[in-house]
Number of protein chains: 2
Amino acid sequence: MTVTLSDVAARARVSPATVSRVLNGNYPVAAATRERVLRAVDELDYVLNGPASSLAAATSDLVGILVNDIADPFFGIMAGAAQTEIGGQEGAVAPESGRQSTGAAGTAGGTAGTATATGGAAGSMAGTVGAASPVGAGRVAGRAGSEKLAVVCNTGGSPERELTYLTLLQRQRAAAVVLTGGALEDPGHIEAMTTKLAKLADAGTRVVLCGRPPLPGSDAAVAALAFDNRGGARRLTEHLLALGHRRIGYVAGPAERTTTRHRLEGHREALAAAGVPEARDAQGRPLTVHGPYTRDAGYTATLELLSRAPELTAVVAANDTVALGACAAVRERGLRIPADVSVAGFDDLPFSVDAVPALTTVRLPLHEAGARAGRLAMGTEAPPPGGVATIGAELKARESTAAPRQA
Amino acid sequence: MTVTLSDVAARARVSPATVSRVLNGNYPVAAATRERVLRAVDELDYVLNGPASSLAAATSDLVGILVNDIADPFFGIMAGAAQTEIGGQEGAVAPESGRQSTGAAGTAGGTAGTATATGGAAGSMAGTVGAASPVGAGRVAGRAGSEKLAVVCNTGGSPERELTYLTLLQRQRAAAVVLTGGALEDPGHIEAMTTKLAKLADAGTRVVLCGRPPLPGSDAAVAALAFDNRGGARRLTEHLLALGHRRIGYVAGPAERTTTRHRLEGHREALAAAGVPEARDAQGRPLTVHGPYTRDAGYTATLELLSRAPELTAVVAANDTVALGACAAVRERGLRIPADVSVAGFDDLPFSVDAVPALTTVRLPLHEAGARAGRLAMGTEAPPPGGVATIGAELKARESTAAPRQA
DNA sequence: CTGTTAGCGCTTTCAT
DNA sequence: ATGAAAGCGCTAACAG
């Protein structure tokens with residue numbers, strides 16, 4: 001029924017071992033023989049059996065990328081960059097795909113579309129498409145071990161799912177695992193993660209942390225790329241303080257997440273350095289509210305903050321998405337941004353520059369970080385000294401922040 | 001070195017076959033024996049060897065979800081929903097994850113955080129985390145075949161990568177494959193895809209299309225969930241026409257994509273039905289510009305449209321992301337939205353309601369569609385009659401559209 | 001450079 | 001209800 005290696009071998013009149021060798025390209029094979037084998041592969045439309053191959057070789061070409069929320073561009077950008085780096089560059093034209101300057105085909109007879117910006121890519125796509133006929137299967141099978149299958153796994157922020165995915169990946173003998181985003185600070189979970197990652201590392205799986213600090217006391221990870229959340233947050237609050245703000249509300253992310261804690265710490269550092277006490281309401285409760293990294297959480301929390309302390313002149317949000325909700329809340333209260341209340345975010349996601357007013361935020365090089373993590377996972381790039389690299393976070397002061405109303 | 005099935009069998013004093021049976025739970029095993037085996041599994045911290053298992057059983061628990069752009073929430077939302085449906089619901093608290101009403105742990109001593117909205121989830125997370133100790137490995141290994149590994153693969157819109165991923169998944173003998181988003185209409189690619197999907201189906205892989213029309217003349221797919229892009233686009237343009245617009249610019253998506261074509265067709269249907277000719281510039285060229293589904297494409301294209309035809313009173317964008325860029329361009333031209341120019345999008349992504357002014361768009365039930373696709377992939381839900389279901393698209397008229405300046 | 005020979009670790013009849 | 005044995009399809013020594 002299904003074509004196997006020996007079928008190919010028989011057709012090419014060589015031994016199975018030889019076929020395996022040309023397919024893996026990791027062993028010298030006579031050019032003539034290789035030709036014959038390749039032809040047989042194409043003719044029979046042979047597709048390598050992954051499980052069999054992985055079993056025999058005790059390794060697989062699976063690379064897992066774990067994200068907390070796949071619907072959040074924060075993760076999508078990192079994961080996409082990593083995946084591009086891992087999955088091969090052949091057709092990696094992601095942001096340009098489909099760009100075209102001629103009219104639409106078929107029914108779109110009247111579409112004399114004009115190139116938007118960079119034109120001229122018109123024919124290239126059709127060309128490459130043509131080359132990707134069914135022969136593609138052979139081509140791919142023929143590729144050397146470099147053909148990794150980069151996949152992203154969505155934990156939804158759930159610690160159990162994180163562990164479950166790690167186990168599943170471990171089962172598959174994954175070549176590498178990239179963990180993105182902040183980690184949960186629950187002791188039990190940290191311990192479970194440490195154990196699990198150590199096991200993965202033992203089994204030869206490369207572990208890379210991206211946008212996440214190294215696990216305390218663990219060296220299982222090949223490398224950790226940590227964002228300078230603390231520094232970025234500090235600079236952001238310094239910016240607000242410089243503008244003259246003294247009563248700043250803070251819509252934090254979920255408690256027990258490293259990202260949340262670091263950003264909060266940076267915020268407090270700036271306050272402390274300036275000798276400004278943390279904002280509190282009439283009851284003396286700090287004006288810091290925790291919630292998930294969602295637009296709705298930002299909305300609700302900001303409404304609450306504004307009720308508890310109408311004298312607030314600025315709201316710092318856990319990230320840009322939360323800031324969007326914060327803006328909506330401020331507006332709903334009939335207040336202007338930034339005239340009445342300044343609002344700031346974090347991450348500098350693509351939509352932030354288009355917000356009205358443009359959102360002041362802290363830029364994280366998500367794409368670069370993801371790409372680097374991908375290379376680290378591939379073993380293409382050397383790990384940073386000490387296994388840990390801190391990635392800078394740059395303040396982006398825009399229109400959503402200004403001097404307070406009564407400076 | 002690594003623990004195998006027979007190690008477990010030896011420790012439990014049973015045969016490997018028995019261990020396999022309790023692990024797969026698909027065969028009667030005495031309760032006492034099962035207990036013994038499960039204990040051995042935990043004690044030895046055994047993790048099933050996926051490749052070996054897949055090889056022997058000729059199936060795997062891998063489910064691939066292909067997306068065109070993982071950084072785009074349009075795909076993230078569908079993929080996340082599908083993955084949740086497939087990956088098991090245990091910790092599926094995605095949007096609520098980390099919600100917490102108590103202060104941050106550790107250094108966050110002063111954070112008397114207040115619950116944002118729904119509170120009370122404080123202790124539950126820690127509880128579940130505690131249960132997810134290393135024993136988790138055993139738990140997972142013990143689960144019946146239901147434990148699928150749902151992974152998302154980012155094609156970046158490249159037809160080669162699409163085919164490559166399909167081949168890679170074919171190699172892994174994937175249990176199912178979900179293709180999301182519009183398809184490329186290139187004949188060569190369609191043929192290659194048809195062949196490839198037929199092969200996957202032959203090999204027992206379930207193929208599901210989500211947000212994509214069925215392949216012409218192919219019945220490889222278990223089911224196709226198609227969005228009513230044409231109908232949605234028609235209603236959107238009807239809305240604009242009803243408002244009084246007669247000169248409407250159109251920023252289309254990449255040509256040769258089904259989504260692009262259908263939306264454009266719906267737009268033209270509405271125009272034709274109202275007897276309104278397609279807008280053209282002084283040179284008689286249609287005011288339709290093609291470009292990728294990106295913010296920048298929308299920005300550039302709109303700038304061009306506005307130059308070529310300053311008398312435009314409305315701009316319809318390929319989707320919300322493109323619309324964001326269109327808004328930026330309109331504003332840069334010193335024009336007001338919607339007073340001078342109305343702008344509309346498509347998809348109703350989360351950020352659209354927060355745009356200023358709130359974006360008029362067409363709502364696509366992305367989450368529902370993704371979840372349904374996930375169930376279809378799992379075989380949990382019966383395919384729609386005929387294998388094809390059309391999913392409605394609802395007009396969301398908001399503030400970014402209004403009567404033209406000189407009605 | 002190529003063929004031979006053993007397994008990799010698990011599932012699954014077929015017995016018992 | 002459990003055990004024994006035969007592979008699943010491929011890779012990796014080891015010869016030659």
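Hydrogens, waters and symmetry mates are skipped; everything else that's a heavy atom, side chains included, is used. On a predicted model such as this, the values are computed, not experimentally measured, just so you know. Lettering follows sequence order; numbering is per chain, from 1.
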Starting at [atom1] of [X] and ending at [atom2] of [N], how long is that distance when rounded to a whole Å?
| X | N | atom1 | atom2 | value |
| --- | --- | --- | --- | --- |
| L5(A) | dA12(D) | CG | C1' | 13 Å |
| R171(A) | dC8(C) | CZ | P | 21 Å |
| R34(B) | dT2(D) | CZ | P | 10 Å |
| R173(A) | dC8(C) | CZ | P | 13 Å |
| R36(A) | dC1(C) | CZ | C1' | 12 Å |
| D61(B) | dT11(C) | CG | P | 11 Å |
| L23(B) | dT11(C) | CG | C1' | 12 Å |
| N49(A) | dG9(D) | CG | P | 7 Å |

Review point. For P51(B) and A17(A), take the nucleotide of DNA chain C holding the closest heavy atom to each; which residue's nucleotide lies nearer the 5' end?
Key: A17(A)
Review point. Is the closest basic N to carboxylate O distance between E162(B) and R212(B) below 4.0 Å?
Key: yes
Closest approach to the side chain of [X], judged atom by atom: which nucleotide of [options] is it?
| X | options | result |
| --- | --- | --- |
| A57(A) | dT12(C), dT11(C), dA12(D) | dA12(D) |
| N24(A) | dT2(D), dT11(D), dT11(C) | dT11(D) |
| V29(B) | dT2(D), dC1(C), dG7(C) | dT2(D) |
| L55(B) | dG9(D), dC14(D), dG7(D) | dG9(D) |
| A30(B) | dC8(C), dG3(D), dA1(D) | dA1(D) |
| T4(A) | dT2(C), dG9(D), dT12(C) | dG9(D) |

Exercise for review: Report yes if a donor N or O on one partner sits less than 3.5 Å from an acceptor N or O on the other, where the partners are the side chain of R21(B) and the base of dG3(D); otherwise report no.
Suggested key: yes
Review point. If you look at every strand shown and take non-hydrogen atoms under 4.0 Å, does V19(B) touch a base, only sugar-phosphate, or nothing?
Key: nothing
Return no unless some side-chain N or O of [X] is found under 4.0 Å from OP1 or OP2 of [N].
| X | N | answer |
| --- | --- | --- |
| T33(B) | dT2(D) | yes |
| S15(A) | dG3(C) | yes |
| T18(A) | dG3(C) | yes |
| S53(B) | dG9(C) | no |

Review point. Does S60(A) reach the main-chain N or O of Q172(A) with its side chain, forming a donor-acceptor pair under 3.5 Å?
Key: yes
Review point. Does R171(A) reach the main-chain N or O of L48(B) with its side chain, forming a donor-acceptor pair under 3.5 Å?
Key: no
Exercise for review: Might you work through the side-chain contact (heavy atoms from CB on, under 4.5 Å) test for Q170(A) and L166(A), ending with a clear yes or no?
Suggested key: CA-CA 6 Å; Q170(A) 182 182 9; L166(A) 251 17; over 6 Å; no
Check your understanding: Where each residue is assigned the nucleotide of DNA chain D containing its nearest heavy atom, which of A56(B) and P16(B) is assigned the position nearer the 5′ end?
Key -> P16(B)
Check your understanding: V207(B) versus V222(B): any side-chain heavy-atom pair under 4.5 Å?
Key -> no
Review point. Do the side chains of Y165(B) and L149(A) get nearer than 4.5 Å, heavy atoms only?
Key: yes
